[in-house]
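Notes follow the structure.
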Amino acid sequence: MDAAEQAVEGLASMSAAFLVSSSPVQSTHSLPTFISTPITPTHKRIHDLLETESESAKEQLYQDALCSAYNCETHYKSTLVGMQSTIVLQSMFCDHLSSQLAAQDEKKKKTKKGGQLVGDGLPRLLTSDKFHHRVVEHQRVAEEEEAARKACQIEREGKTELLKSWKEAEAARLVRNEARRTAYRDQVKLWEAERDQAKLERRRPAWNKPKLGKLEAPLARPTLSDPEVAAEEGQQDDSDEEDADENDGNESDGGSE
């Protein structure tokens, strides 16, 4: 087994297995994080041994070997810097492509069910049976979506009209209840005057204290399944109902001595 096969088998068991897989690359795939290796400065430096004059042939060989080692080190560092720079640029490019793939995936999710007949720029035979079936299916889906949209709009308008009628009926109910409360207060004032006069004359009042009685109960509010309509219409009437219920609780029994 050569080095290339060993590398492929190694990748298959790592997080970068998608690189050697036949399946398409997805936006969720990511390369392993690259950790760069620190590199010492590459400025030229000369060892003290290279500055001294050799006194024998063996010392000259040693100096030549040291100079060759310095040249090899410089070459290796230059190569390593180029490789790390390339990996950093490729990682930035892969991240950019990954973000574009993610954006395309999100766009596909938001695309309507009918989709597009021709969206990839590839040539098609417009008279073929396959493309004709696609046109028919696309038109059918578009008509169904339009019909569903219109039905939803009609239903929303009907519920809005129903809610409007309910609000008008509730407003009329509150007016009638308030009129009964006003008449009740006037009757109580007359009875209080009769009660005070009866005390002075040492007799019982000519009539009993009036009672308010049971007021008209709130009408059942129509249920709205449309959250937008319910949110817009559901808040402004609650305070009116609460105030009316409090008044009903305070005055419904009319009080008695």
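Please read these numbers as outputs of a predicted model, since none were measured by experiment. By convention here, the first residue in the shown sequence is residue 1. Just the heavy atoms: all of them, side chains too, but no hydrogens, waters or symmetry mates, feed the values below.
Annotation: side chain to side chain donor-acceptor pair (under 3.5 Å) contacts of Q187 (sequence neighbours excluded): none. Every residue meeting the side-chain contact (heavy atoms from CB on, under 4.5 Å) condition with T86, not counting sequence neighbours, appears here in chain and number order: Q90. Applying the salt bridge (Lys or Arg N to Asp or Glu O under 4.0 Å) rule to E143 yields no partners; only residues at least two apart in sequence or on another chain are considered. A search for salt bridge (Lys or Arg N to Asp or Glu O under 4.0 Å) contacts involving E146 returns R149, not counting sequence neighbours. For I87, the side-chain contact (heavy atoms from CB on, under 4.5 Å) criterion is met by F34, S91, not counting sequence neighbours. Take D64 and apply the side chain to side chain donor-acceptor pair (under 3.5 Å) test, not counting sequence neighbours, and it matches Q60. Applying the side chain to side chain donor-acceptor pair (under 3.5 Å) test to H133 and every residue at least two apart in sequence or in another chain returns nothing. Scored by the side-chain contact (heavy atoms from CB on, under 4.5 Å) test, E157 finds Q153 as partners (sequence neighbours excluded). Residues meeting the side chain to side chain donor-acceptor pair (under 3.5 Å) test with E201, sequence neighbours left out: Q197, R203. Residues passing the side-chain contact (heavy atoms from CB on, under 4.5 Å) test with K189: none are found, sequence neighbours excluded. When the salt bridge (Lys or Arg N to Asp or Glu O under 4.0 Å) test is applied to R180, no partner is found at least two apart in sequence or on another chain.
With E216 contributing its side chain and N177 its backbone, the two residues share no donor-acceptor pair below 3.5 Å.
To the nearest 0.5 angstrom, K167 atom NZ is 12.5 Å from L162 atom CG. Within the model, atoms CG of L66 and CG of L61 stand 12.5 Å from one another, a figure rounded to the nearest 0.5 Å. Between the CG atom of L212 and the CZ atom of R185 there is a distance of 8.5 Å, given to the nearest 0.5 Å. Atom CD of residue E73 and atom OG of residue S68 lie 11.5 Å apart, to the nearest 0.5 angstrom. Once rounded to the nearest 0.5 Å, the distance linking NZ of K209 with CG of L190 reads 13.0 Å. Taking CD of E178 as the reference point, atom CG of L215 lies at 9.5 Å (rounded to 0.5 Å).
Hydrophobic cluster membership of L97, counting Ile, Leu, Val, Met, Phe, Trp and Tyr whose side-chain heavy atoms lie under 4.5 Å apart directly or via other members: F93.
A salt bridge links E170 with R173; the closest basic N to acidic carboxylate O contact falls under 4.0 Å.
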